[in-house]
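Before any comments, here is the structure.
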Number of protein chains: 2
Amino acid sequence: MLTRSEEDHIKAVHALLEVGGSASTTEVAERLGTKASSVTVMLKKLADKGLMKHEPYYGVKLTAKGKAAALMLVRKHRLWETFLVDRLGFGWEEVHEVAEQLEHVRSTKLIDSLSEYLGNPAFDPHGDPIPDRNGRFPSRSTVLLTDCPLGAAIRIAAVQDGSDGLLQLLNRKGIGIGMELAVAARQEFDGSVDLQPAKGATITLSAMVAAHLLVEATGTKAKSSH
Amino acid sequence: MLTRSEEDHIKAVHALLEVGGSASTTEVAERLGTKASSVTVMLKKLADKGLMKHEPYYGVKLTAKGKAAALMLVRKHRLWETFLVDRLGFGWEEVHEVAEQLEHVRSTKLIDSLSEYLGNPAFDPHGDPIPDRNGRFPSRSTVLLTDCPLGAAIRIAAVQDGSDGLLQLLNRKGIGIGMELAVAARQEFDGSVDLQPAKGATITLSAMVAAHLLVEATGTKAKSSH
DNA sequence: ATTATTTTTTAGGCTTGCCTAATCTTTATT
DNA sequence: AATAAAGATTAGGCAAGCCTAAAAAATAAT
Ligand SMILES: [Mn+2]
Ligand SMILES: [Mn+2]
Ligand SMILES: [Mn+2]
Ligand SMILES: [Mn+2]
């Protein structure tokens with residue numbers, strides 16, 4: 001049985017491996033707000049427990065067992081976030097901290113019932129995919145808004161690494177998951193993009209914001225750029 | 001800010017004061033599955049924090065601050081139990097352990113939203129009263145089934161200290177909170193009682209079970225015993 | 001190739017929360 | 001009242017998780 005701290009380390013390692021392919025001691029420490037020396041000890045312990053493979057001085061990889069544990073935590077975290085937003089009326093920028101606690105509650109019946117209660121959602125309030133009880137992710141093809149051709153018809157699919165501040169900004173701009181828009185313009189100078197909703201005023205997003213938005217092509221009215 | 005262990009100690013002390021008017025070191029230890037020596041130290045710490053008054057060798061009382069903390073924990077525990085039963089379809093004998101974890105999740109917004117989402121319930125699945133956000137209990141007058149006059153028309157109000165085993169027994173007998181019955185007979189020999197539902201067969205409960213059931217008089221058809 | 005810098009690990013400490021064993025205190029028995 | 005028993009506290013230890021400081025290894029810069 002894993003302690004809360006062990007779970008947090010596994011989750012951090014998993015998240016780092018997802019994006020960068022490697023998880024270093026310092027990166028894990030930064031993410032958890034602890035020191036590298038503490039992380040070294042913990043990762044060694046988790047390696048002894050068979051959840052990770054620890055190559056001293058070269059970082060760590062998850063074993064199948066470790067990966068399964070990580071995916072279950074991701075599942076729990078995202079299901080709770082979905083509950084908080086869909087059922088309790090939390091804003092998407094308010095849920096992370098609470099889900100960070102709820103994800104550690106131990107009960108498989110609880111999490112499976114919760115999933116069913118929510119209609120077995122495939123994506124959380126930030127558009128992040130929710131693994132099913134076997135650890136499988138829903139499939140979907142997305143692209144960064146930054147890389148979207150001019151004129152493309154798109155749907156907002158997810159906000160990547162959304163800090164509360166970024167999410168609040170999107171609230172104020174009226175941008176949310178599932179929203180359909182057209183890429184109306186892109187400024188050479190600063191990389192900002194103008195998005196055109198079906199009705200209403202154009203929304204301008206900075207390059208910095210666009211780099212955090214994953215979108216799906218809605219296909220129908222896409223126009224290739226030239 | 002209180003640790004999980006501190007919270008568990010406060011809750012245990014509160015529960016003991018409720019029933020017996022006193023909370024001894026050993027009683028707290030039994031309840032928490034720890035040793036008296038550990039409890040002594042913890043209670044002293046909580047006294048230093050202003051949550052309890054510790055009279056060495058004579059047990060402990062809660063201060064106003066300590067009582068408020070205890071009531072908030074009771075509130076959280078019972079709201080989560082209600083959520084698990086009403087929304088997630090848990091049986092009332094399955095919820096205690098999970099609620100024991102959920103009650104420690106820290107977020108006032110969470111608990112107030114949850115309460116509202118559930119319709120601000122006044123009683124949990126076991127019939128126990130849920131304090132409101134100010135720590136006030138709903139009022140209700142109940143009596144032990146054991147003390148009920150023969151012929152009385154009653155409604156099952158609560159199961160006191162219901163172990164999972166007792167709750168399962170009640171499931172099998174078809175007894176649940178809110179059920180209306182008449183006290184049809186009581187055996188001198190073993191103190192068992194026969195209960196008559198509006199329709200269906202008579203249900204016999206042992207004295208041991210009856211001693212755990214709180215009931216309300218439904219008034220209308222009450223007949224005093226003689 | 002050395003040397004300097006950065007990263008990781010090891011060593012030694014500290015706090016929390018638990019334990020056992022020994023020492024009071026209080027309460028019950030003779 | 002003296003003694004026995006029960007209950008509570010103190011003393012000393014231990015494991016988990018964290019820290020800082022020192023040592024070791026890998027990487028970068030001359
Ligand atoms: Mn967490
Ligand atoms: Mn999320
Ligand atoms: Mn608890
Ligand atoms: Mn209950």
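The chains referred to below are lettered A, B, ... by the order of the sequence lines, with proteins before strands, and numbering in each begins at 1.
Among the atoms of the strands shown, only primed sugar atoms or phosphate atoms (P, OP1, OP2) are found under 4.0 Å from some heavy atom of B:Thr25.
Residues A:Asp8 and A:His104 bring a donor and an acceptor atom of their side chains to less than 3.5 Å of each other. Between the side chains of B:Asp124 and B:Trp80, no donor-acceptor pair of N or O atoms lies under 3.5 Å. For B:His54 and B:Asp48, the side-chain atoms include no donor-acceptor pair closer than 3.5 Å.
Rounded to whole Å, atom P of D:dA24 lies 21 Å from atom CD of A:Glu55. The separation between A:Tyr58 atom OH and C:dT9 atom P is 11 Å, rounded to whole Å. In this entry the distance linking NZ of B:Lys44 with C1' of D:dA11 reads 11 Å, nearest Å.
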Distances for protein N or O near nucleotides 16-19 of chain C N or O, under 3.5 Å:
unit_1 : atom_1 : unit_2  : atom_2 : d
C:dG17 : OP1    : B:Thr3  : OG1    : 2.7
C:dG17 : OP2    : B:Lys45 : NZ     : 2.2
C:dC18 : OP2    : B:Ser5  : OG     : 2.8
C:dC19 : OP2    : B:Lys35 : N      : 2.9
C:dC19 : OP2    : B:Ser38 : OG     : 2.7

N/O contacts under 3.5 Å, protein versus nucleotides 22-24 of chain C?
unit_1 : atom_1 : unit_2  : atom_2 : d
C:dC24 : O2     : B:Tyr57 : OH     : 3.3

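A salt bridge does not link A:Glu6 with A:Lys11: every distance from a Lys NZ or Arg NE/NH1/NH2 to an Asp or Glu carboxylate oxygen is 4.0 Å or more. Note on B:Glu103 versus B:Arg75: no salt bridge recorded, every NZ/NE/NH1/NH2 to OD/OE distance being 4.0 Å or above.
Between the CG atom in B:Leu145 and the CD1 atom in B:Ile154 there is a gap of 5.0 Å [rounded to 0.5 Å]. We find the NZ-CG distance between A:Lys173 and A:Leu205 to be 6.0 Å, quoted to the nearest 0.5 Å.
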Can you list, pair by pair, the side-chain donor-acceptor contacts under 3.5 Å of residues 28-37 of chain A, counting residues two or more places apart and other chains?
none

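For the pair A:His54 and C:dT9, the criterion of a side-chain N or O lying under 4.0 Å from OP1 or OP2 is met.
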